[in-house]
Number of protein chains: 2
Amino acid sequence: MAGFDRYSNVLRLFSADQSSLTVAQMAKAVRLPTSTVYRTVRELVASGFLESAAGSYFRLGPTFIEYNRTINQTDPLILSGDEHLQQLADVLPQPGATVLARLYGNQVMCVADARSPSFRHDTSFQRGVPMPITRGATSRAILAQVRGKRLDRLLLSTELESGVSRQGFKQELKQIRRARLSVTRNEVDQGLVGYAVPVSNRSLGIEASLSCIFSDIDHSPDWATEIAEILWSSAKRMEDDMQHAFERIAGNSKPPS
Amino acid sequence: MAGFDRYSNVLRLFSADQSSLTVAQMAKAVRLPTSTVYRTVRELVASGFLESAAGSYFRLGPTFIEYNRTINQTDPLILSGDEHLQQLADVLPQPGATVLARLYGNQVMCVADARSPSFRHDTSFQRGVPMPITRGATSRAILAQVRGKRLDRLLLSTELESGVSRQGFKQELKQIRRARLSVTRNEVDQGLVGYAVPVSNRSLGIEASLSCIFSDIDHSPDWATEIAEILWSSAKRMEDDMQHAFERIAGNSKPPS
DNA sequence: ATCTATTTTATCATATATTGATAATTTGGC
DNA sequence: GCCAAATTATCAATATATGATAAAATAGAT
């Protein structure tokens, strides 16, 4: 094994289910001799990517919290989401959750979320969870903004559902792009329905979506138009926020025009 | 440059002030040829530690958000903090902020914070910010729990303030350990006073502190006893929470007895 | 505090991956 | 479709990683 993978493979062993591991466990998992893994771990500890815990265990280190903070403080999308997402959840015509998700490399990840106080369902979209890029309104509203070769490459990196052709899926994305809205039900979470609209900023290279999620049972399609209007106006506000953020930092540490 | 430092040095260039960089900028900063940095960046992008943005800029990637989430979901201290910190802020005898910080390798980092609604001061301790390990009540209440060689090594990794001897500082820590309380003013933020008590769990290898911060102006030392009592009882609850968490996961992916 | 099992670090010859200058290719903006 | 800039590929020289083993340090128990 070579390069960054050597480190990445060790870090990947740490998850919500396995939050601490001994060197022996890591060595077994990555099929490398203990001495090699010790060296790798020592380097990761020195940079704060891992930390040594009690009982010769290791766990994820403070560096992740630190960089996460940097992202929170600098990502215009997240900043704008923190500003508007809760307010949006409060004005929905019925209790629901609001989600801001973004295309990150070739995955879609929720970067901020809020919910009306009385909405108690579990939703898959929570901050930090990578999502399938072709399933659910949230992801599709994002993909609909991507075109040409980049879209092809993205679609190559995932399996489409059985029975759906690449052409058919692209056609669906085209419709979503025209409607500026994607609505799905039961695609990500059973019993939930999602509405999503695109949010983007070209100069910042941000392709995202703003969505809200309701329980399918007590949801009436009559609200659809009103919901779409609310989402569009919030999305507009966020795009304006991002553009202002871009102009504020332009010439400083940001892309030129 | 060799090993993980090659990657770490590039990542370290990204901060709140410089959230996106071109390869040319990185190459200049780390004094390496562009071709080498391109390769490094490519590897980091492949693992989601960086992502390519518009205008040939790169920025921190989704992996940090993902691992941050894993930490939030698994760290018993953070879980307990989320549970109690806001409530604690609400029962303080006067408006203030509450902070949970933890020794992470050889740095102290705030891992959770809350504040009474009417407390409007800026405090340095915010989630994800590394702090000096010898300054402020928060850090000292943590250091007071560390002894022997580990303490020596920690103190070697920092500069003490001028005029303070290593012996004298250790003596102060001893007093804090006996009193189970540290109080400082103007040490971290001007015009603020901080109270901190130790929080720890031996079997989880967690050494932390729970603290609250008030504005010095409208703060009366008469509250000191009451504040200490509130902190101690919250700290006790958190330690119980952590012990339960430890017992729940013991034998699964955690240190043996 | 002393002893002991276990964890962690150090050593070193060999194989392998990294390096960086340059060339070839791709990309994105007009 | 054109052009400048960004990105990737190439390759020989060289520095670094590797892993078996030995030495040292550490933590737990007595």
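Being a predicted model, the structure only gives us computed values, none of them experimental. By convention in this document, chain letters (A, B, ...) are assigned in the order of the sequence lines, proteins followed by strands, and residues within each chain are numbered from 1.
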Candidate nucleotides [options], ranked by approach to the side chain of [X] - the nearest:
X       : options               : value
B:Tyr38 : C:dT8, D:dT7, C:dT19  : D:dT7
B:Val23 : D:dT7, C:dT8, C:dA21  : D:dT7
B:Arg42 : D:dA9, C:dT9, C:dG20  : D:dA9
A:Ser35 : C:dA10, D:dT7, D:dA17 : C:dA10
A:Ser56 : D:dA6, C:dG20, C:dT7  : C:dT7

Rounded to whole angstroms, how far apart are [atom1] on [X] and [atom2] on [N]?
X       : N      : atom1 : atom2 : answer
A:Arg31 : D:dT18 : CZ    : P     : 17 Å
B:Leu44 : D:dT8  : CG    : P     : 13 Å
A:Tyr57 : D:dA27 : OH    : C1'   : 15 Å
B:Tyr7  : C:dT19 : OH    : P     : 7 Å
A:Gln25 : C:dT7  : CD    : C1'   : 14 Å
A:Glu51 : C:dT8  : CD    : C1'   : 17 Å
A:Phe4  : C:dA17 : CZ    : P     : 18 Å
A:Asp5  : D:dT18 : CG    : C1'   : 16 Å

Answer with yes or no after comparing the ring centroid distance for A:Phe49 and B:Tyr67 against a 6.0 Å cut-off, counting only values under it.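 No: the rings miss the under 6.0 Å criterion.
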
Could you say whether A:Phe58 or B:Glu43 is positioned toward the 5' end of DNA chain C, judged by the nucleotide with the nearest heavy atom to each?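 The residue closer to the strand's 5' end, by nearest nucleotide, is A:Phe58.
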
A:Ser52 vs B:Ala2, nearer the 5' end of DNA chain C by closest nucleotide: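 Nearest-nucleotide comparison on DNA chain C picks A:Ser52.
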
Quick one: OG on A:Ser8 to CZ on A:Arg12, what's the gap to the nearest 0.5 Å?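 Between atom OG of A:Ser8 and atom CZ of A:Arg12 there are 4.0 Å.
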
Kindly compute the distance separating CD (B:Gln107) from CD (A:Glu51), expressed to the nearest 0.5 Å.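 That separation rounds to 10.0 Å.
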
Assign each of B:Thr22 and B:Arg39 the nucleotide of DNA chain D bearing its closest heavy atom; nearer the 5' end lies the nucleotide of B:Thr22

Side-chain ion pair, A:Arg102 and A:Glu207, N-O less than 4.0 Å: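 No, this pair does not count.
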
Closer than 4.0 Å, any side-chain N/O of B:Arg6 to the OP1 or OP2 of D:dA17? no

Residue-phosphate contact under 4.0 Å: B:Thr36 side-chain N/O, C:dG20 OP1/OP2: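 Indeed, a polar side-chain atom of B:Thr36 lies that close.
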
Yes or no on side-chain hydrogen bond (donor to acceptor under 3.5 Å, both in side chains) for B:Asn201 and B:Glu239, after CA distance, side-chain angles and deciding distance? CA-CA 7 Å; B:Asn201 184 301; B:Glu239 287 180 338; over 6 Å; no

